[in-house]
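Take a look at the structure below.
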Amino acid sequence: MRSVGLTNPHRMTLLVLRDANQPVKQIQVSKPLVMAVPLIALLSISGLIVSLQLQHNQTTRTLEELLQSQSLKFEAVVTDKNEAIQKLQNEVISLSSQSKEMMERMERVAELEAELQKFIDKYGGQGELGKLSALTIEEDDSFGLGGEFIAVHDNEIEQLAQETRDNYLEMSAMLDEMEKNVPITLRKAKQTQYSISGTPSEWPTLSKRLTSNFGYRTDPFKGSAAFHAGIDIAGKVGDPVYAAGAGKVINTDRDGSHGKYIVIEHPGGLQTWYLHLSSIDVSTGDTVTKGESIGKLGNTGRSTGPHLHFEIVKQGKQINPLPYLEQ
Ligand SMILES: [Zn+2]
């Protein structure tokens, strides 16, 4: 080791004191080194601070990124929710218009039924079979098409949903009513159709006492076998005689054999003949309905007592009328 004087201005001597029994150790170091040590320490601390700062910045950035991505996620969720709400709103609107359309259709059906009822009342009115209740629907024109776009508020949608619910309840009530009434109306319609139909079926007088049947019999005048082309119903002179079916009077006349008589032609092609009348209350060309009074029972022509001789003629030939008549 080189010997260095204390006077050397570029060197410094460091005395290291350990234990009392041990010798003092001298370490000679150069002055710049001594100066450099605190500087290096300072730099190290600065570096540490800078590094910490950087690390802090990095953490902040990461947190920021995390927050941003979360925020984006939330935004996406909110967008999804908004879309879902929009979809629901559209569905409510569509349902509402469907329910309105359905109400209108049901109203039309109810109108048709009422019309049918009116028809039955006019042509078929046979006793009370229950009146149809008035089925009315309030008009609601809130759903036109086109026009400007007006944003829909949540409370409006709620109201719409409520109205739709009410509509469905009303429709359900109407359907109940229809279910109850339609079969009754149908039955009445069938009766009406039957009563205005051309098929003769109505028993033609008050009395139901058959005195002579259709077919071969002993002739009441000659006492020999003869063909009886109709049925004889005994009754009182002046009893009403009814048209057995709807149709058109094609002949009213009198002769020695038939007495006073009426011939009605029915839409189906059948004819009904009413013989031995005391009076004729219709004229040729008249239209009659089933059960309408057309004349009075009598004893005119080739007759042995007051009775109605009734015939049904099919394609120019007399047939047995009994199978046709309600008894
Ligand atoms: Zn007869």
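In this text, all values refer to a predicted model and were calculated from it rather than measured experimentally. Note that ligands are numbered from 1 as they come in the structure, with each ligand's atoms numbered from 1 the same way. All heavy atoms count here, side chains included; hydrogens, waters and symmetry mates do not.
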Donor-acceptor pairs under 3.5 angstrom involving side-chain atoms of residues 312-323: please list them, not counting sequence neighbours.
residue, atom, partner, partner atom, Å
Gln318, NE2, Glu311, OE1, 3.3
Asn320, OD1, Leu322, N, 3.2

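- Inspection of the Glu163 and Asn167 side chains reveals no N or O donor paired with an N or O acceptor under 3.5 Å.
- Shown here are the protein N/O/S atoms lying under 2.8 Å from the Zn ion (ligand 1), water excluded: His228 NE2, Asp232 OD1, His309 ND1.
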Acceptor/donor pairs from residues 66-79 side chains to any protein atom, 3.5 angstrom cut, sequence neighbours excluded:
residue, atom, partner, partner atom, Å
Ser69, OG, Leu66, O, 3.0
Thr79, OG1, Glu75, O, 2.7

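- Applying the salt bridge (charged side-chain N to carboxylate O under 4.0 Å, His left out) rule to pairs touching residues 229-255 yields Arg217-Asp232, sequence neighbours excluded.
- Aromatic ring centroids of His276 and His258 lie 6.0 Å or more apart.
- The cluster map of Ile, Leu, Val, Met, Phe, Trp and Tyr, joined by side-chain heavy atoms under 4.5 Å apart, puts Ile262 and Val288 in the same cluster.
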